[in-house]
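Residue numbers start from 1 in every chain, and the chains themselves are labelled A, B, ... in the order their sequence lines are given, proteins ahead of strands.
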2 protein chains.
Amino acid sequence: MVTLRDVANKAGVAVSTASYALNNSSKISLATRKKVHKASRDLGYQPHGIARNLKKQKTETIGLFLNDLSGPYYSEVIQGVQDVVSAHGYDLIVGSASGGTNSTAYKFLLEKRVDGAVILAPKINDAEISRVAKASLPIIVLDRRLDSDYIKYVLIDNLNGAYQAVSHLINRGYHKIVYLSGPEDSFDNQERFKGYQRALLENGFNLMPQRIISGNFTEKEGYQVISGFLAQEERIDAIFSANDEMAIGAIQAIREMSFKIPDDIAIVGFDDIRLASYINPPLTTIRHPKYEMGRFATNMVFQVLHGSKAESVVLPTQLITRQST
Amino acid sequence: MVTLRDVANKAGVAVSTASYALNNSSKISLATRKKVHKASRDLGYQPHGIARNLKKQKTETIGLFLNDLSGPYYSEVIQGVQDVVSAHGYDLIVGSASGGTNSTAYKFLLEKRVDGAVILAPKINDAEISRVAKASLPIIVLDRRLDSDYIKYVLIDNLNGAYQAVSHLINRGYHKIVYLSGPEDSFDNQERFKGYQRALLENGFNLMPQRIISGNFTEKEGYQVISGFLAQEERIDAIFSANDEMAIGAIQAIREMSFKIPDDIAIVGFDDIRLASYINPPLTTIRHPKYEMGRFATNMVFQVLHGSKAESVVLPTQLITRQST
DNA sequence: CAAATATAGTGAAACGTTTCTAATAAAAAG
DNA sequence: CTTTTTATTAGAAACGTTTCACTATATTTG
């Protein structure tokens, strides 16, 4: 391995001089700067990032930590984060949070391998996040309401989004509306449920426990639980699914039982994933600004890093009406 | 920041002793080991990963570098890589290669921030990869045929896949088959074109230049170029699209012009992305083992890292017949 | 022309670990 | 009772940078 020392030797200067020269410090005369650069090029010198990080006590890297790297849902968020990180001349690394306290995410946070982080990973709990955040490692969370000096959140307005969705169903004349739920411990799910509840109550309907069906945000589960539900006696006329994935499964279940969508049963999802507009019938859903979330969050990371205050924020959602209602 | 030195002081031992103790070396008596662990816990000590990396001259991190982090196409590959990396107790970081020589990908490779890498990013060119690969940094590429001591490839059998696709069309009686091409400089595209060509020639058809339409792998482009093509006089009866994205765009174009699929025009894609089975009509396509690619590649990284030889490999593809043909 | 200042370069410490080698003390062997 | 071995701990160097404090020249100033 060719180190700075080798370059310095070849150029016939001290290693400190070589360092200054390569960083183009004005302390070093142009002539020796040239000499050092040449030596560096000749030897094919590459600075050792890790050594530099250690000395400078920073990595100029921002981490984005996700529950699971393969969720297609994330891609727009990632893009937003990437754009802002690059704009600041930093690097972005994406890591997984699966594996709990010995996940890559947790390790990198703990070991100061990143200078800031955006977290969208329910698997890392609040206490752990609070423990590692500091002035030199601000954290923005996208999946919970957590706020302190060095931790801010960017959320979407889940509650209002769900409220919009269910109100829309009610306005169209659907009254027996099922809530197809995500996992109980999901923050998003909880908020969306609140929105469902509020829309019902404000329109004079009761919350009927038998119309709350629990799922886990996956298409498969959506298919299965809705198949099961429709096979029983109670008739309903609409479904509000806590996310699009389950809604897609539900649509398949509904069609298999030869109910007509939206005439017999209407359905609204949440997220506006790509598939939503391609499925048959195209799915009415709640769109939220995923790319913007990424941008907001990352800008906040840099704000805190630069010593200014950042304010947590909740972004609005939008009802996208398609043929499923 | 609490360092090993602090722990050592608190425990009343030398820092070397503290290091051995925390790493549970048998050189240190159980009594002092306990003492040091306690001091560590009391102070909330966290080892500094960067410092350790520098000293040990390794990071125990594998990089996966993609052209662009937001491609949903990658998610299965990522999963395969992640699974193998975790199984080896290493960490995975995913980084972008966009930005060329000052992309995160390139920087991390150059600066030895990872111990091995899987690359699926045409934006990084062969020369650069060859330059950085070494025994202590093996690289597996997924998007080209590049082979040396420390560089191996895992590819899918693009040529045969395309051959299967076009043969299938011919067997079904379609004879005027358009090739909807990806970018000329894409390795995948080149191979797929060769497969198209071979299938035609082997079945006694000629390659007709006006039936080669250039696209860029995006849905939008697929829609536009096929719309334009169909508006002109020449009648065709099938399209082989170099990927599913373009095929989806093409399907929309075809339907808008009220041709029937597959009666008037049949279409086959390549990749078997998720949307392929949801689109109307469901798309016949070539499936390839994306998850397996990730697994193979990552296993090879570790093989080379452990000093054994790895063999580049080409994985088979599979024709998935759906209603578009 | 002496004194003050600017310029160019150097040496060494530091970042936080790991690990080699040496030192000490206790135990075993002769 | 001396010598050798073993167990435990300590000291110091090393990983590859950056940067502080300093020296030695060269230049400016009064």
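- Ion pairing between a basic and an acidic side chain is recognised when a charged N comes within 4.0 Å of a carboxylate O; B:Glu60 and B:Lys58 show such pairing.
- Remark: P of C:dG11 and CD1 of A:Ile28 are 13 Å apart, rounded to the nearest angstrom.
- Of the listed nucleotides (D:dG11, C:dG11, C:dG16), C:dG16 has the atom at the smallest distance from the side chain of B:Ala51.
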> After noting the C-alpha distance and the side-chain angles of B:Phe108 and B:Ile93, does the key distance pass the side chain to side chain contact (heavy atoms under 4.5 Å, CB included) rule?
Replying inline: CA-CA 10 Å; B:Phe108 271 58; B:Ile93 62 178; 3.6 Å; yes

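- Residue contacts for A:Asn53: at a heavy-atom cut-off of 4.0 Å it reaches no nucleic acid atom on any strand shown.
- Using a 4.0 Å heavy-atom criterion, one finds that A:Thr3 contacts the sugar-phosphate atoms exclusively.
- Dashed line: the shortest gap from a side-chain N or O of B:Gln57 to OP1 or OP2 of D:dG16 is under 4.0 Å.
- Following rounding to the nearest Å, A:Lys58 (NZ) and D:dT17 (C1') show an atom-to-atom distance of 14 Å.
- The cationic group of A:Lys27 lies under 6.0 Å from the six-membered ring centre of A:Tyr20 and within 45° of the ring axis, placing it in a cation-pi geometry.
- The environment of B:Lys107 atom NZ is dense: over 12 non-hydrogen atoms of other residues, nucleotides or ligands sit within 6.0 angstrom.
- If you check C:dT17, D:dT9, D:dT17 against the side chain of B:Tyr45, the one that comes closest is C:dT17.
- The CZ-P distance, from B:Arg113 to D:dC15, rounds to 19 Å in whole Å.
- When distances are taken from the side chain of B:Val13 to each of C:dC15, D:dT9, D:dA10, the shortest belongs to D:dA10.
- Residue B:Lys27 has its side chain nearest to C:dT21 when only C:dT21, D:dA14, C:dT10 are considered.
- For A:Tyr20, counting side-chain heavy atoms from C-beta on, the closest listed nucleotide (D:dC15, C:dT10, C:dT18) is C:dT10.
- Within the nucleic acid shown, A:Gln46 comes within 4.0 Å of sugar-phosphate atoms alone, with no base atom in reach, counting heavy atoms only.
- If you measure from atom NZ of A:Lys55 to atom P of C:dT17, you get 15 Å, rounded to the nearest angstrom.
- Counting any heavy atom pair closer than 4.0 Å across all strands shown, B:Ser16 reaches a base atom.
- Atom CZ in B:Arg5 sits roughly 12 Å away from atom P in D:dA12 (whole-Å rounding).
- Nearest-nucleotide positions on DNA chain D for B:Lys35 and B:Leu54 put B:Lys35 closer to the 5' end.
- Cation-pi geometry between B:Arg145 and B:Tyr153 is met: under 6.0 angstrom from the ring centre, within 45 degrees of the axis.
- Between B:Phe65 and B:Tyr106, the ring center distance fails the sub-6.0 Å criterion.
- Candidate nucleotides C:dT18, D:dT18, D:dT17 were compared by shortest atom distance to the side chain of B:Ser19, and C:dT18 ranks first.
- Using a 4.0 Å cut-off, some side-chain N or O of A:Ser29 falls inside it from OP1 or OP2 of C:dG9.
- In this structure, B:Leu4 places its CG atom 13 Å from C1' of C:dC15, rounding to the nearest Å.
- The NZ-P distance, from B:Lys34 to D:dT9, rounds to 13 Å in whole Å.
- Here C:dC20 presents its P atom at 12 Å from NZ of B:Lys56, a figure rounded to the nearest Å.
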